[in-house]
Structures are given as C-alpha cells and as structure tokens.
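Comments concern the structure below.
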2 protein chains.
Amino acid sequence: MNDATTAVAGCVSLAAPALSNEEAEATARLFAALGDPARVKIVNLLATNREPVCVCNLTRPLGLAQPTVSHHMKKLVEAGLLDREQRGKWAFFSLNHEAVSKLAGLIDLEGGSQ
Amino acid sequence: MNDATTAVAGCVSLAAPALSNEEAEATARLFAALGDPARVKIVNLLATNREPVCVCNLTRPLGLAQPTVSHHMKKLVEAGLLDREQRGKWAFFSLNHEAVSKLAGLIDLEGGSQ
DNA sequence: CATTCATATCGACCGTTGTCGATGTATCGA
DNA sequence: TCGATACATCGACAACGGTCGATATGAATG
C-alpha cells in the first residue's frame, strides 16, 4: 500500500503556509498511527531489526493477542509507514523508509519550507 | 512546562536498541499529541506565525469553542510541544522549538542511533 | 467594589479505539 | 483430502478522547 489512500500521501509540512482541512486530517492520521505504545514498539522493532517481521513473531514480545497485533499492523499499513508482503502463509511487514523520511521532513521546521 | 512531566522528556529515538514500556508510552503520547487535526492546525499556525498566540485568537480559525481550544492547548503543553506564558488576562502559547527538534530527531532512522 | 473579559475546569454526551475470543480464509505438509 | 498453521475479520466490551454548555477563577477596568 503505497498509493494515495495512505495518510502519508496527503501530508504537508507543519511549516507550510496554511494547512487545509484535508491536509491537517491526513497529517493527524499519520501521527495518530504512532500514537499507541504497541505501534511505537512495532516500528522500533522494524527499525532496529531491518528484516521484515511476521505477526506470529510479534505477539510474544508485545504481549498482545494475534488479532490485536493484526489490528495494529493494519493501522500502520494504512498510514503508509509499513509495507505488507505475502509469502505463503506468512505476511511479512517492513518499514517504508520513504514514508519515514517524509514524516521526519514534516516536523523539520527549520530546514523545511519556513 | 519543560520538566520531566512532559511526554517529550521521556522519549527515545525510534532507532534505539530496545524501547522500554515507559519509553514507548512517552513516545506514543508525544505522537498522539499531534494525532488530532485541530492540534496539527494549532502547531501549523504557531510554526508559520512565529509570534505567540492566545486562545481567543484560535477559536475562530479553528471553528471550535473556547473550552475545546483550551483542551487542545493543554494536551500540547503536556506533551512539551508548546510553552505557556501568562500575561495579564491572556495566556500566550508558543512553540517549544527544542521539543520540535527532538521530535524530528526521534524519527530520523538514518542519522540517528542506527 | 462591580463589571467585563480571557481562560480553565467540570460534567455530560457520544463517537472512536484498543482489546480479545470466536470464526473465516488461505496455504502448506502429511 | 485432512489437519495444522498464519492471518484477517467479526462481534462485543470497556476505556479513551473530542466536543460543548455551564460554571469557576482571575485579572483589568471603571
């Protein structure tokens, strides 16, 4: 999922002249994707491990049931922060580094468009 | 409010080796502070206008009632993203650029601690 | 001191969201 | 084909959060 349906696709820098309602909502959705401790840990695991991770390897370190983990993965994919790849029975999730870079750029008020 | 009670004080980079529960919760609280369109707009206004803003000047551009705006300002102050200064009757809010810089650093997975 | 104004807090309402068990779907192996 | 595995979806429940009107606090003003 790297298309226009992701939140990151509709985001503009926080230093942009005047955010529209749609831009503010998309930006809020992107930040809200990281507004849960479990999802922060998921992104942290993917950022440090480098290799894609499947759901079954996340339930134990997160201490959450499998449906809950799937729920969080879906949120992160919809935000555009994670990519999903199906390999047989397994669904492998990896960081979308382009989206992460764009997120970092949103907050850069000095070197941004200010 | 720039003390240890703010969310930004307990945050660690998303590229840090292994986030504790407390670090993940603090990071999530910081991101959640920007997980609402109204608060995104508030930060955007403060980032572009440079000058501090009081609540009475935000109700009209946001289209929200005064208690709602105060609620959002409190969330942003608790997160550490905004500073509050009382001048007579008015409460002036301004961006905490140190916190914004730290937030941008949290997401920088390349130049960070990875 | 009374009034006005700016802001915070309270209480209530209600939509959203995190959580899990149960179930459905699809794939792989025996 | 059958059973096991991995994952998504569904339904339900509880907790959280955004919103507003009413009210409280506190400061300037006359």
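Note: hydrogens, waters and symmetry copies are ignored here, and every other heavy atom, side chains too, is used. By convention in this document, chain letters (A, B, ...) are assigned in the order of the sequence lines, proteins followed by strands, and residues within each chain are numbered from 1.
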With 3.5 Å as the limit, what N/O pairs link the protein to nucleotides 10-16 of chain C?
none

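- Lys89(A) places its NZ atom 12 Å from the P atom of dT27(C), with the value rounded to the nearest Å.
- Following rounding to the nearest Å, Gln86(B) (CD) and dA6(C) (C1') show an atom-to-atom distance of 9 Å.
- Spacing between atom NE2 of His71(A) and atom C1' of dG21(C) amounts to 16 Å, rounded to whole angstrom units.
- When the side chain to side chain donor-acceptor pair (under 3.5 Å) test is applied to Glu23(B), the partners found at least two apart in sequence or on another chain are Ser20(B).
- Whole-Å rounding puts the His72(A) NE2 to dT17(C) C1' distance at 9 Å.
- At a threshold of 4.0 angstrom between heavy atoms, the contacts of Gln66(A) include nucleobase atoms, whether or not backbone atoms are also involved.
- Along DNA chain C, the nucleotide closest to Met73(B) and the one closest to Gly63(A) are compared, and the more 5′ of them pairs with Met73(B).
- Phe93(A) comes within 4.0 angstrom of sugar-phosphate atoms only, judged by non-hydrogen atoms across all strands, and of no base.
- Residues satisfying the salt bridge (charged side-chain N to carboxylate O under 4.0 Å, His left out) criterion with Glu85(A), sequence neighbours excluded, are Arg87(A).
- Residues passing the side-chain contact (heavy atoms from CB on, under 4.5 Å) test with Arg39(B), sequence neighbours excluded: Asp36(B), His72(B), Lys75(B), Leu76(B).
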Derivation and outcome, side-chain contact (heavy atoms from CB on, under 4.5 Å), residues Leu95(A) and Leu82(A): CA-CA 5 Å; Leu95(A) 262 190; Leu82(A) 259 55; 3.8 Å; yes
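- Residues satisfying the side-chain contact (heavy atoms from CB on, under 4.5 Å) test with Gln86(B), not counting sequence neighbours, are Arg84(B), Ala91(B).
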Only pairs under 3.5 Å count here: list side-chain donor-acceptor contacts from residues 52-63 of chain B, not counting sequence neighbours, and write none if there are none.
none

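- Note that the first and last nucleotides of DNA chain D, 5' to 3', having any atom under 4.0 angstrom from a heavy atom of chain B are dG18(D) to dA28(D).
- Whole-Å rounding puts the Lys74(A) NZ to dT19(C) P distance at 16 Å.
- Note that CG of Asp83(A) is 10.0 Å distant from NE2 of His97(A), once rounded to the nearest 0.5 Å.
- Residues from residues 23-40 of chain B that place a heavy atom under 4.0 Å from any atom of DNA chain D, listed by number: Asp36(B), Arg39(B).
- Residue Trp90(B) belongs to a hydrophobic cluster whose other members are Phe92(B), with links defined by side-chain heavy atoms closer than 4.5 Å.
- A search for side chain to side chain donor-acceptor pair (under 3.5 Å) contacts involving Thr68(B) returns nothing, not counting sequence neighbours.
- For the pair Leu64(A) CG and dG21(C) P, the computed distance is 11 Å after rounding to whole Å.
- The distance between atom CG of Leu58(B) and atom P of dA6(C), rounded to the nearest whole Å, is 13 Å.
- Looking at residues two or more places apart in sequence or on another chain, you find a side-chain contact (heavy atoms from CB on, under 4.5 Å) between Ala28(B) and Pro37(A), Val40(A).
- For Ala32(A), the side-chain contact (heavy atoms from CB on, under 4.5 Å) test picks out no residue, with sequence neighbours left out.
- Look at CD on Glu85(B): it is 18 Å from P on dA6(C), rounded to the nearest Å.
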